There are 2 protein chains.
Amino acid sequence: MSMDATHDPQRRSFVASANGHADFPIQNLPLGIFSPRGGVARGGVAVGDSILDLPAVAPLLAGEARRAAEAAAGDALNALFALGGGPRRALRAALSDLLAEGSAQQAAVRPHLHDAAACTLHLPARIGDYTDFFAGIHHASNAGKLFRPENPLLPNYKYVPVAYHGRASSVRVSGSDVRRPKGQRKPANETVPSYGPSRNLDYEMEFGIWIGAGNAQGEPIPIAGAADHIAGFCLLNDWSARDIQGWEAQPLGPFLAKNFHTSISPWVVTPEALAPYRIAQVPRPEGDPKPLDYLWDEADQAQGALDLAVEVLLHTQKGGPFRLSLSNTSHLYWTFAQMLAHHACGGCNLAPGDLFGSGTISSPTEDGFGALLEITQGGRKPIALPNGEERRFLEDGDTVVFRAQAKRDGYVTIGFGECRGTILPAT
Amino acid sequence: MSMDATHDPQRRSFVASANGHADFPIQNLPLGIFSPRGGVARGGVAVGDSILDLPAVAPLLAGEARRAAEAAAGDALNALFALGGGPRRALRAALSDLLAEGSAQQAAVRPHLHDAAACTLHLPARIGDYTDFFAGIHHASNAGKLFRPENPLLPNYKYVPVAYHGRASSVRVSGSDVRRPKGQRKPANETVPSYGPSRNLDYEMEFGIWIGAGNAQGEPIPIAGAADHIAGFCLLNDWSARDIQGWEAQPLGPFLAKNFHTSISPWVVTPEALAPYRIAQVPRPEGDPKPLDYLWDEADQAQGALDLAVEVLLHTQKGGPFRLSLSNTSHLYWTFAQMLAHHACGGCNLAPGDLFGSGTISSPTEDGFGALLEITQGGRKPIALPNGEERRFLEDGDTVVFRAQAKRDGYVTIGFGECRGTILPAT
């Protein structure tokens, strides 16, 4: 691809903390909702250790960029997402100029930069519906092996981007504590179920996809152009109570095991920001079927897979951080465009601010498994932490942090910030 | 129970069409959102063939009743639902007096009665999350038999009020046409799936439950008092594409097979209106387990099951209506309070305007099966309609209508109006 100015590694910001920032250099410019101390929630952009107030700088912008900044005036980005890719890209280009070293507007911009450490971050959008996919093939395979060692992947897996509906109301922004859920559990060695705190609480390392412009009910979104309906990405922790899941989930799928809390990182990293960080799609194994036509687009395939390193860190009450895994988004079996085209292929209407989870992202090897279920083989093989502690599943007081970074030679590294949650004891 | 004035069968309304009305006598007074021709959407109450404008009559009311009517000023009833049972009951009592024969306010009320036939009905609330239960035990058993003839009910069924999350965005009010979905299907006699219009389109006769006051995340709703969180009820058609469902649903449950469209009746029949129409809870079969403590409340059990006749009618392009089934809500295995307490037992936060489906309501006998899947045994035994047509599943142009009525000796019969949808050909 040809490099546009917003990706130019030579470009620096007059916001000094942005230059060399691990997550938010001027080449990233992710969108979010923040409130300064004592102020109302509004749209903002992360740049270094600062947050730029979007509606406040709208008068410094023109045309589509201004329209996009004005759409971020409320306490959710749904209106900005609804505008689609054009205004969002115009906003990125304009903000990159506005924040660059040598910007003529530096004096006008400075009053609208807030110290991020003194701000509260909120959910970036009102989530209409939340859908969780199952596109991490190594996770699907590892989880399947626990039940069907000979035949871990079901026959539909390589044809259908499998997904299920999740709970939108309980999605919370990074940093919100996670109350250990109670529920019905029936271990194999007990004859009747009981109600109590989950004993097998787990995380799932997922990637989140924010939907931009939606579709009318009954009108599918063709795979060509489906990616244009994506407003951005985040990190997502699909906290899972494995004991509740194992007992409740037949025949209709997971329910209470996953609806007590879902954590997401607050910053929406745009498709524009991530455009350079692509690698050739990991080839499907020899003999895998070609996707059906409604899921197949040469341009989508040619664009390649996102190449993001995703990391899981555990802090216990006694130590850490300990890295539990390092994986990569390129291990997803389906592209985001395929997930989106599939979701709408029967006429289901998507809306700005809908959220998808990718499914747990695991590598083929143990050091990149995206959930304790896989790492400890369903709790049968506890892991030893470097400080001598052991874990089968999560304990009260444990903190799980996800991070992700995009690197590419010749480009500046950008990141997602973190997705963090600490386990509180059951009530 | 002692009869309050709102249920008095002697009470008549000065709205003449209400007296003897099959659905909406003055003893019902269901809530909804309507717009008169050329007017904006607002809250209303059905009385006979008229709709009373709630915000317009608020000045005629006092105290909690007035507050409830004012909360219905917008285009959704969420704010009214959020007030909980007290204001809703006060509103019912006040409206019953206001609309009764001999009401001193008759002249002040009349200008705010609209001819229902000239109004448009809308979704009564903005649905935050939609959850579909599986509480119709005869349906669960009939559906299970198609896959596991020896063991149709799974081991968790009599312990867990099984449910899964559905799609909120595609819920539509009665009368909206239903586009036949396309999707991946793989019949047993084909080796690879194909994408195309569903060949096995079905309805599911369900009862809908509207949530009133919600709960904070992490704080379960105890079973005692759980029923107070219900704002009302409706009829719900969980349209289902059986061929898509059969292929996609493993291992995470139904997804596209059910998210293209869900139809609901527009009027919210309140728990107060339905209070008299109860029968002793159908006893669980000998040997069934007692529900776990968090699902067991003597008062809830003593209140008994709702005794509503629910009917499915089919209109084809050549004839009808033909009755496909007549069942009863008393066939649900779990009470609505049990469903609600279960949903929140792990800390999942419910909100005003959330919607539950009960699961398909089937009788033990074929004349009361709630879906074609059961009536035709998965399509293997087509049914003959009285005009000579046959049906395995629904055909384009078919219209499915649900109706429900509550009858009890000494009381006036009340109804739900209808839940109607016509199948349009796939695009």
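Here the structure is a predicted model, which means the values were calculated and not measured.
- There is no contact between B/Arg180 and chain A, counting heavy-atom distances below 4.5 Å.
- Of the atoms belonging to A/Asp132, not a single heavy atom falls under 4.5 Å from chain B.
- Contact of B/Val162 with chain A is made through the side chain alone, with heavy-atom distances under 4.5 Å.
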May I have the step-by-step check of side-chain hydrogen bond (donor to acceptor under 3.5 Å, both in side chains) for B/Gln217 and A/Arg179, ending in yes or no? CA-CA 9 Å; B/Gln217 193 167 1; A/Arg179 178 72 62 189; over 6 Å; no
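- To the nearest 0.5 Å, the span separating NE2 on B/His165 from CG on A/Leu252 amounts to 12.0 Å.
- In this structure, B/Cys348 and A/Arg167 have side chains that are in contact, with non-hydrogen atoms separated by less than 4.5 Å.
- Between B/Phe134 and A/Pro251 the shortest side-chain heavy-atom distance falls below 4.5 Å.
- Contact of A/Arg126 with chain B is not made at all, since no heavy-atom distance falls under 4.5 Å.
- Residues A/Gly346 and B/Pro181 share a closest heavy-atom pair of O-CB, 3.4 Å.
- Interface residue B/Ser194: only backbone heavy atoms are found under 4.5 Å from chain A.
- Here the side chains of A/Asp293 and B/Tyr195 are not in contact, with every heavy-atom distance at 4.5 Å or above.
- Neither the backbone nor the side chain of A/Leu424 comes within less than 4.5 Å of any heavy atom in chain B.
- Using a 4.5 Å cut-off between heavy atoms, B/Thr427 contacts chain A through its side chain alone, with no backbone atom that close.
- When side chains are defined from C-beta on, B/His342 counts as touching A/Leu256, because their heavy atoms get closer than 4.5 Å.
- When heavy atoms are compared at a cutoff of 4.5 Å, A/Ser169 approaches chain B by way of both its backbone and its side chain.
- Rounding to the nearest 0.5 Å places CD of B/Gln184 at 3.5 Å from OH of A/Tyr294.
- In this structure, chain A has no heavy atom under 4.5 Å from any part of B/Pro197.
- The shortest distance between side-chain heavy atoms of A/Thr131 and B/Phe255 falls below 4.5 Å.
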